[in-house]
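Everything on this sheet refers to the single structure shown next.
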Amino acid sequence: MEVPTLDLDQEFKSIEDEINASLEDVLSSKQFVLGEATEDFENQFADFCDVDHAVGVNSGTAALRLLFEALGFEPGDEVITTPMTFIATVEPLMHMDVRPVFVDINPRTYNIDPASLSQAVTDDTVAVVGVDLYGLPVDADPIEEFCNTHDLYFLEDAAQAQGARYNDRQAGSLGKAGTFSFYPGKNLGAYGEAGAVTTDDPDLADRVRKLRDHGRSSKYEHQYPGFNERMHGFQGAVLKEKLKHLDDWNTKRREAADRYDDLLSDLPVDLPEVPDDRETVYHQYVIRSEKRDEVVESLQEADIGAGIHYPIPLHLQPALEEFGYSTGDFPVAERLADQVLSLPVFPQITVEQQAYVRDVLEDALGQYSVSSPPG
Ligand SMILES: *Cc1c(COP(=O)(O)O)cnc(C)c1O
């Protein structure tokens, strides 16, 4: 048996005709950059996220960069975020000479801990970027309250959380603005690079729209220096068709996660926790084990697409050395980085595949608990 990390082949087969028709519309229109397909997707995705504006761009990283530029972040500013995220959350800040400032995370949700924000805020702080890690929305209300008190922007990196909810509010609508990635492996994935910025603020949306297109205010007038980060027509065409299936696919991910919860309940691992006020979309199904490194190897040897998100927290990455963080600064994030293990979860995963994952996992855990000293 083989259990991939995700199965894009099966997914494509289930929607092949719609995708091909949508791509052919772009071929006949020749609107390869932005164009009608992208606009349709932007409108549909804004509705889906319950916001007034969605601006299609060329990646999740571009969405973050353009948002930070549009908000006018300047060298010397500081932005508070979590060390347990993909580097793209902070990369654009570093290119802008804005300092990423980390706080530790909540040991149960793995998201930014609102209680730790006050230790990190300074006169230079301009924003808090919450990350909806593994598809679970950040604890938005206390973060927003903190941001309002300190006059900061609350921004949401929702790259992993298309369709997730916090108290009936959609991911991407929780802060001043949200950013999405549609990298092929995300819950809503393009067939190439793509991303979006979501917001209710018309002026902010307008600035992002201009920045993605060379700062254009009209065909020949450039209001400010911008970027070339426009969404491609083919990606808009793919995304608008896939968006129709997203809720269904997310439901199937949750069903698969529930099955894992049952199958793994008697194994010595920690299972994901979902607070009552949130609906996750299980971009990853993440368990924790002190034998993580040995276990992940056993799973991979048994053709199970297990992964680690993320083995090195950002404050300990070589790329962030200049900020002077060291081991011990964020103990919760560091412990998680040593223990987290992502099991395969995708809409088409079968009961048999999940039972196989359980069996291999049980064997691996048994083997290493016997041969390793306790602790
Ligand atoms: C995927 C991801 C990004 C980056 O998106 P790209 O489209 O790959 O540029 C940013 N933040 C998080 C949390 C992500 O998971």
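First listed ligand is number 1; within each ligand, the first listed atom is number 1. None of the values given here were measured: they were computed from a predicted structure.
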Residues forming a salt bridge (Lys or Arg N to Asp or Glu O under 4.0 Å) with K210, sequence neighbours excluded: D206
Filter on salt bridge (Lys or Arg N to Asp or Glu O under 4.0 Å), then keep only pairs touching residues 190-203, sequence neighbours left out; what's left? K176-D201
Excluding sequence neighbours, so at least two apart, what forms side chain to side chain donor-acceptor pair (under 3.5 Å) with E36? none
Do the rings of F330 and Y325 sit parallel, tilted or perpendicular, given the 30° and 60° boundaries? tilted
So, do N58 and F182 sit near enough that their side-chain heavy atoms are less than 4.5 Å apart? no
Between CD1 of I349 and NZ of K252, what distance do you get to the nearest 0.5 Å? 14.0 Å
Inventory of protein N or O atoms under 3.5 Å from ligand 1 N or O:
unit_1	atom_1	unit_2	atom_2	d
ligand 1	5 (O)	S181	OG	3.2
ligand 1	7 (O)	G60	N	2.7
ligand 1	7 (O)	S181	OG	2.6
ligand 1	9 (O)	G60	N	3.3
ligand 1	9 (O)	T61	N	2.8
ligand 1	9 (O)	T61	OG1	2.5
ligand 1	11 (N)	D157	OD1	3.4
ligand 1	11 (N)	D157	OD2	2.8
ligand 1	15 (O)	Q160	NE2	2.9
ligand 1	15 (O)	K186	NZ	3.0

